[in-house]
Each structure stands twice: as C-alpha cells, then as structure tokens.
Chemist: 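One structure is given below, represented as structure tokens, and several questions about it will come after.
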Amino acid sequence: MTTIPLPLIVSHQHDGSSSRSSLTCKYKCGDACFHEVPNTSSSEYFGDIVKTAMTRRGILRGGAMAVLAVGATSALAACGTGDEGTATTASATPTPEPRGLDFTAVAPNTEDAVVVPEGYEQAVVIRWGDPVVDGAPAFDFDNQTSAAQEKQFGFNNDFAGLLPIDGSSTEYLLVVNHEYTTEPFLFKGYDAENPTAEQVAIGIAAHGLSVVQVAGENGSGKLTPQMGRYNRRITGSTEFVVTGPAAGSNFLKTSADPTGTKVFGTFNNCSGGVTPWGTVLSGEENINQYFANAESVTDPVAAARLARYGVEGAASERKWERFDKRFDLAQEPNEVNRFGWVVEVNPWDPTAAPIKHTALGRFKHEAATIHVTDDGTVVAYSGDDERFDYMYKFVSSRKMMQGSGAAALRSNVTLLDAGTLYVAKLSGDAPDQIDGSGKLPTTGQFAGKGEWIPLLRTGEDGKGESLVDGMSAEEVAVFTRLAGDKVGATKMDRPEDFEPNPVTGKVYVALTNNSNRGTEGKAGADEANPRDKNKNGQVLELDDDHAGTSFTWNLLLVCGDPSAADTYFGGFDKTQVSPISCPDNLAFDPDGNLWISTDGNALDSNDGLFSVVLDGERRGQTKQFLTVPKGAETCGPIVQEQRVVVSVQHPGEEDDASADAPASHWPDGGSSQPRPSVVAVWKV
C-alpha cells in the first residue's frame with residue numbers, strides 16, 4: 001500500500017474539552033455546553049419539565065437542478081454502492097484515490113493562517129466590514145457606525161452558498177450567514193456591563209445575511225465581489241413574513257406585531273442550504289441567549305417552555321434589552337418564540353421579504369437542506385444543535401415544478417408551507433455490546449434501523465394538525481422540542497449539519513460532541529452515540545426512504561485521534577487517516593465525496609476541512625485539506641471543480657484576547673484586527 005504522507009498522531013487533550021474558547025462559547029451559543037442540558041425528558045415528560053423549570057428558577061432534501069453550487073453540495077470524487085466495511089485495515093492494493101482527492105494532507109497545526117496543500121493557492125473573497133451595497137463606506141474599525149454596518153459585510157460568517165447567474169459562466173451570487181457578534185472583538189475598550197446604544201445597534205446590524213455578486217476568473221478559483229443589482233444586507237431589523245401553522249398564533253403576537261404574521265430580524269443564523277428552486281435556507285440556532293429576564297416568568301407552563309429552549313436568567317450577555325424592549329421577556333414574553341425557525345431568502349429579488357417557515361418546527365436549527373425524490377417530492381432535513389436533542393425531516397405534500405428562472409421560483413417558493421414534520425427514533429443492531437467505551441461491536445460496525453415519527457401535518461390551507469397527543473398544532477410548531485420529548489425521539493450528540501448526497505441519495509449527519517453523555521443523571525451511550533463523555537463527535541450515515549418513515553443507519557466515522565481505541569474510520573486503516581475532531585458542517589463535491597469542516601477541535605490543532613471517501617476499499621479514508629487560523633472555526637464549505645470556498649469564523653477568539661489585545665492578525669497581517677472572512681482555494 002502506498003503510504004499517504006500524513007502527520008500522525010495527535011494526542012488527546014488532558015482535560016477532555018473542546019478547544020473552543022470560553023469567550024466564543026459565551027457569545028456564539030450562550031455558554032450552552034456549560035449550562036444544564038435543556039432536555040430532561042425520558043419520554044412523555046412535560047410535567048417533570050415543569051417541575052425542573054420551577055426548581056431551576058428557585059421558587060427552563062436528488063438532485064434536481066444540481067447546477068447549484070451549494071454551501072453543502074458540489075465537486076471531487078467517485079462513489080458507488082460500496083461495502084460497509086468491517087475490516088480494520090485496507091486492502092494491500094487499494095483502488096486509486098477518487099478524482100480530486102489526490103492532494104497531500106495538511107498537517108495539524110496552530111498557525112495564524114489558512115494552511116492549504118502544496119500546489120494550491122488561496123485568496124480572501126470578502127471580509128467583515130467590506131462594502132456590500134451602494135453607499136457603503138470603506139471599513140474603519142475605530143469609527144464604526146450602525147448605518148455603515150447595515151451596508152457592509154456582517155460579522156462571523158458561517159454558511160456560504162454560490163448560485164450561478166444565468167447567462168454567465170463566471171459570475172455568481174454569494175449568500176452568507178452572519179451567525180453572531182463577539183462584542184469584545186468588535187470594539188476597543190468594550191465594557192460588557194455598559195454597552196452603548198450605538199454598539200448595540202452595530203451588533204444587531206452585523207447579524208443576518210449578505211447577498212453579494214462575485215466574479216470568477218478563467219484559469220483561477222479567485223472570486224471578486226462586485227456591486228451588483230442583487231446585493232443585499234439582511235440584518236437583525238429586516239422584516240420577515242411568517243408562514244405555516246404558527247402564523248397568526250397567539251404565541252407569536254407582540255406589541256410591535258399584534259397579528260403574529262411578521263417578524264423583525266433574524267439572529268444566530270448558523271448553517272443553511274441552497275434549494276433546487278434557487279433560494280437559500282438559513283437556520284436560526286442559539287436564539288435563547290439574546291433574551292433577558294426569563295427568571296421573571298412565573299407561569300409554570302411558560303417557564304417550562306422557556307427552560308426547554310435554554311432561555312433562563314436575568315440580563316442577557318449583550319444587554320440589548322436595555323435599548324430594545326423586544327429582547328426583554330418581562331415586557332415582550334412572545335418575542336423569543338419568533339426566532340428558532342428555518343428562514344428562506346430569495347436572493348434574486350432584493351425587495352422580497354424573507355420567510356420564516358413554521359411548518360418545519362422551532363428549535364435550534366443548525367441548517368435545513370433539501371432532497372428531491374424522483375417523483376418531485378421535496379424533503380427538508382434539519383438537526384437540533386443541542387446536547388441530547390433530535391433529528392427532524394419535513395416531507396412536503398407538494399411537488400417541485402421543474403425548470404428555472406422566476407416562474408419556477410414563484411411556483412416552488414411555497415413548497416415548505418404544506419406537508420408533515422417528523423422526528424427520528426433510532427435502534428441499534430447490537431445494543432447489548434455498547435458500554436460507553438466506543439468499542440466496535442462484533443458486527444464490525446455501529447448500525448441499526450430507525451423510524452420517523454410524525455409530529456405535525458400542515459394542510460394546503462396552511463392550517464396545522466397536531467399528531468402528538470395533548471398538544472395543539474400551534475404548540476407543536478412553536479414548542480417542537482416538547483413534541484419530540486413526548487414521542488420518545490432519540491437523544492443525539494449535538495446533531496448539526498444534515499446533508500443528502502446528490503449522487504447516492506444517502507443522508508449524512510454531523511454529530512459534533514457531547515461531553516455530558518453518560519454522566520450522572522444523563523442519558524448513557526447507545527449505538528448511534530457510542531461513547532461516554534464524547535468530546536470528538538461522529539458522522540452518521542442514513543439510507544433513508546426519503547418520503548417514507550423508515551431508514552437504516554450506520555456510523556461512518558467515530559472521530560478523534562486515530563491511535564485511540566475508541567475511533568473508527570469506516571473500516572479504513574487508521575494509520576492512514578488524518579486526525580479529525582468535532583465535525584460540524586458537511587458538503588459534497590459533484591462526484592459525491594464527503595467534506596467535513598470542524599468546530600472546536602479537541603486534539604490540540606486548529607480546525608479544518610477534511611475529505612472523506614464514502615465507498616469502495618477506501619471507505620472512511622479521511623484527509624485534512626486545510627486548516628484555519630488560530631482561534632477560528634471552519635464553516636460553510638463549498639467544493640467545486642474549480643475551487644473550494646470556506647468561511648473563516650471568529651479568528652483569534654482566544655480567552656486572553658480582545659480588540660485591545662488581538663491574538664490574531666489574519667487576514668490582513670501586520671498589527672491589524674482579525675476579521676472573519678470568506679476564502680477561496682484552488683489548484684495551481
């Protein structure tokens with residue numbers, strides 16, 4: 001066997017924790033991993049959740065239109081119907097590496113740079129503060145204004161999608177999420193206890209999405225922003241339309257919107273997906289952290305609902321409630337219910353109001369991605385990124401209209417407004433052999449079956465029908481986690497990105513980690529989540545009856561140090577793989593190879609982007625393609641024939657750093673402030 005030049009092995013961290021800084025945890029997810037797990041259910045457990053809340057408060061998507069380069073779909077390898085692989089070493093004469101995967105793996109490192117393989121070049125596409133729309137001033141770190149930020153590229157870019165512009169072979173729309181703001185890195189001299197009104201306004205404007213026209217170059221993967229007619233900023237103040245069974249619900253009504261049919265803003269937009277009809281879906285994730293004074297809610301049912309979504313405490317970290325009452329639950333108790341949805345944006349019409357789809361349920365959506373069956377049925381997959389939470393899919397009752405352009409878009413934009421929402425329940429083939437150590441069962445793989453349990457049916461008229469005893473349709477839509485609890489859904493290790501393979505139709509899920517698995521009072525290991533105190537995560541492969549209710553599953557990867565006994569790489573020789581930890585976002589190249597970006601690498605190295613072979617003798621071969629700068633997270637990968645695009649989020653976010661004492665000077669170098677940016681990489 002030809003040895004792949006891989007830099008092995010990286011040792012485990014002694015403290016067993018992710019490398020993500022506590023500062024990042026505080027501003028990105030509201031310290032989710034340090035708070036009590038919101039899911040305290042065993043099955044039908046709503047009454048006990050009420051008790052817990054009171055105690056805690058002291059008295060909580062084929063392939064139609066595959067022309068789109070999706071932020072989790074697009075180009076590099078061959079795949080077929082492969083052997084699941086039970087061997088621990090590869091064949092002595094393995095098949096050649098799939099097309100496009102012949103790069104030399106990048107070594108684990110802690111450099112303040114994007115490190116790419118030899119023979120590749122890179123360039124920043126766009127960075128925080130760069131102009132997006134006409135009239136945007138040049139970025140000036142020391143003289144920021146909210147008016148400027150509303151026209152500039154937002155902070156902490158996550159999901160990225162490239163949509164080809166009709167009639168051009170080199171121009172695209174780049175659509176990017178801006179997940180969150182880290183105020184100590186936005187402003188010098190930031191006083192966390194006393195933010196100013198303008199700092200708050202800048203933070204709100206730095207959230208949301210950017211739509212930017214970009215131009216490519218022949219013979220290069222470089223992308224250059226343009227002032228195009230589609231360019232647009234969507235912020236924390238943009239008006240959204242609400243559709244589906246919760247539209248007009250009393251749970252969504254506020255003083256600013258007594259109809260419950262429109263929402264101002266979107267927050268914590270994590271990953272997403274490009275739809276076959278040419279729109280972009282974005283997942284609102286850790287929305288709990290933006291709202292203050294949950295402890296003032298005394299009604300036990302309302303308090304329990306807040307607790308199940310991790311909304312608790314008094315003042316919020318950013319303290320926006322001091323300047324905008326919508327963030328104060330004591331004044332606007334329903335405002336929080338207006339976030340945690342899948343958002344749909346039409347990037348081809350800058351005047352079109354974005355949509356919040358309530359038929360897809362409300363939880364911490366990492367993303368929503370689309371698979372279209374042969375008969376045109378649209379399936380949307382989504383994970384709830386929380387320890388011990390669930391996996392979902394929505395099956396539309398409407399068929400996708402074929403074609404392209406404005407007419408097809410108009411016909412398909414309502415596909416997510418009627419259909420059935422399901423939650424997943426898994427069982428293993430060898431449950432008696434799972435002891436929390438990560439030891440492989442005697443079957444040679446972690447595998448089993450699953451079913452999709454229906455929760456909510458939305459009719460052609462937009463009205464909902466609850467399929468959960470004891471809950472109304474509006475309750476299932478708005479408090480979806482509680483519905484999953486009641487039907488006994490399987491508690492997973494932070495189900496993040498959920499991606500259908502455009503070649504095979506199999507579906508993959510990144511399960512990032514769960515340090516609480518198997519600890520006192522928490523759910524123990526099971527075959528899909530086979531390790532206690534799981535710090536490195538795993539990748540789940542589903543063979544789903546997309547429009548149906550059954551599936552089979554197996555674990556493709558059990559991540560970590562390849563030298564450790566508790567890791568598994570699809571049966572591939574573990575001495576010939578790159579160490580990988582904390583899988584987060586997933587993408588496919590046009591040939592159906594899997595690509596994984598990581599967040600919180602627990603192996604003493606910077607996060608990165610990895611390729612994984614899915615079929616044949618090389619199934620499970622994992623190689624690191626790039627690493628991002630220190631303190632940063634790799635997000636939103638796009639993998640095309642011509643280029644790879646990644647979002648570099650929160651560079652330099654280390655606990656002893658700030659705008660006054662930056663730990664990184666990427667991407668501009670010198671003494672510059674670090675700036676979250678989108679980067680393109682291509683082969684020379």
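Note that the coordinates shown come from a computational prediction; the quantities given were computed from them, not determined experimentally. The first residue of the sequence shown is numbered 1, and numbering continues consecutively from there. Quick note: numbers below take in every heavy atom, side chains included, and nothing from hydrogens, waters or symmetry partners.
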Chemist: Is a donor from one side chain sitting under 3.5 angstrom from an acceptor on the other, for S210 and R233?
Modeler: yes

Chemist: For the pair W452 and F551, name the ring-plane relationship: parallel under 30°, tilted 30 to 60°, perpendicular over 60°.
Modeler: tilted

Chemist: Under 3.5 Å, is there a donor-acceptor pair between the N346 and D349 side chains?
Modeler: no

Chemist: Restricting to salt bridge (charged side-chain N to carboxylate O under 4.0 Å, His left out), what partner residues turn up for E179, sequence neighbours left out?
Modeler: K28

Chemist: Which residue pairs satisfy the salt bridge (Lys or Arg N to Asp or Glu O under 4.0 Å) criterion with at least one member in residues 267-282, sequence neighbours excluded?
Modeler: none

Chemist: Flag the pair D485 and R308 as a salt bridge only when some basic side-chain nitrogen lies within less than 4.0 angstrom of an acidic carboxylate oxygen.
Modeler: yes

Chemist: Is there a side chain to side chain donor-acceptor pair (under 3.5 Å) between E284 and T266? Walk through the geometry before answering.
Modeler: CA-CA 7 Å; E284 298 180 325; T266 185; 2.6 Å; yes

Chemist: Between Q213 and N231, what is the shortest heavy-atom contact and its length?
Modeler: N-OD1, 2.8 Å

Chemist: Taking only residues two or more places apart in sequence or in another chain, which ones pass ring-ring contact (aromatic ring centres under 6.0 Å, His included) with F363?
Modeler: H365, Y392

Chemist: Is the backbone of L252 close enough, under 3.5 Å, to the side chain of R338 for a donor and an acceptor to pair up by distance?
Modeler: yes

Chemist: Does any donor atom in the side chain of S397 or E460 lie under 3.5 Å from an acceptor atom in the other side chain?
Modeler: yes

Chemist: So, using ring-ring contact (aromatic ring centres under 6.0 Å, His included) as the criterion, who are the partners of F264 when residues are at least two apart?
Modeler: none

Chemist: Between S282 (side chain only) and V343 (backbone N and O only), is there a donor and an acceptor less than 3.5 Å apart?
Modeler: no

Chemist: Mind checking ring-ring contact (aromatic ring centres under 6.0 Å, His included) for F625 and listing every partner two or more places apart, or none if nothing turns up?
Modeler: F103, Y120, W595

Chemist: Could you walk me through whether Y508 and F588 pass ring pair (Phe, Tyr, Trp, His ring centres under 6.0 Å), step by step?
Modeler: CA-CA 10 Å; Y508 295 79; F588 289 93; 5.5 Å; yes

Chemist: For side-chain contact (heavy atoms from CB on, under 4.5 Å), just list the numbers for N177 and N157, CA-CA rounded to whole Å, side-chain angles, deciding distance to a tenth of an Å, and then say yes or no.
Modeler: CA-CA 5 Å; N177 285 350; N157 34 239; over 6 Å; no

Chemist: Applying ring-ring contact (aromatic ring centres under 6.0 Å, His included), can you list everything that pairs with F569, at least two apart in sequence or on another chain?
Modeler: none

Chemist: Looking at D389 and R481, is there a salt bridge between them, counting it only when a charged N and a carboxylate O are closer than 4.0 Å?
Modeler: yes

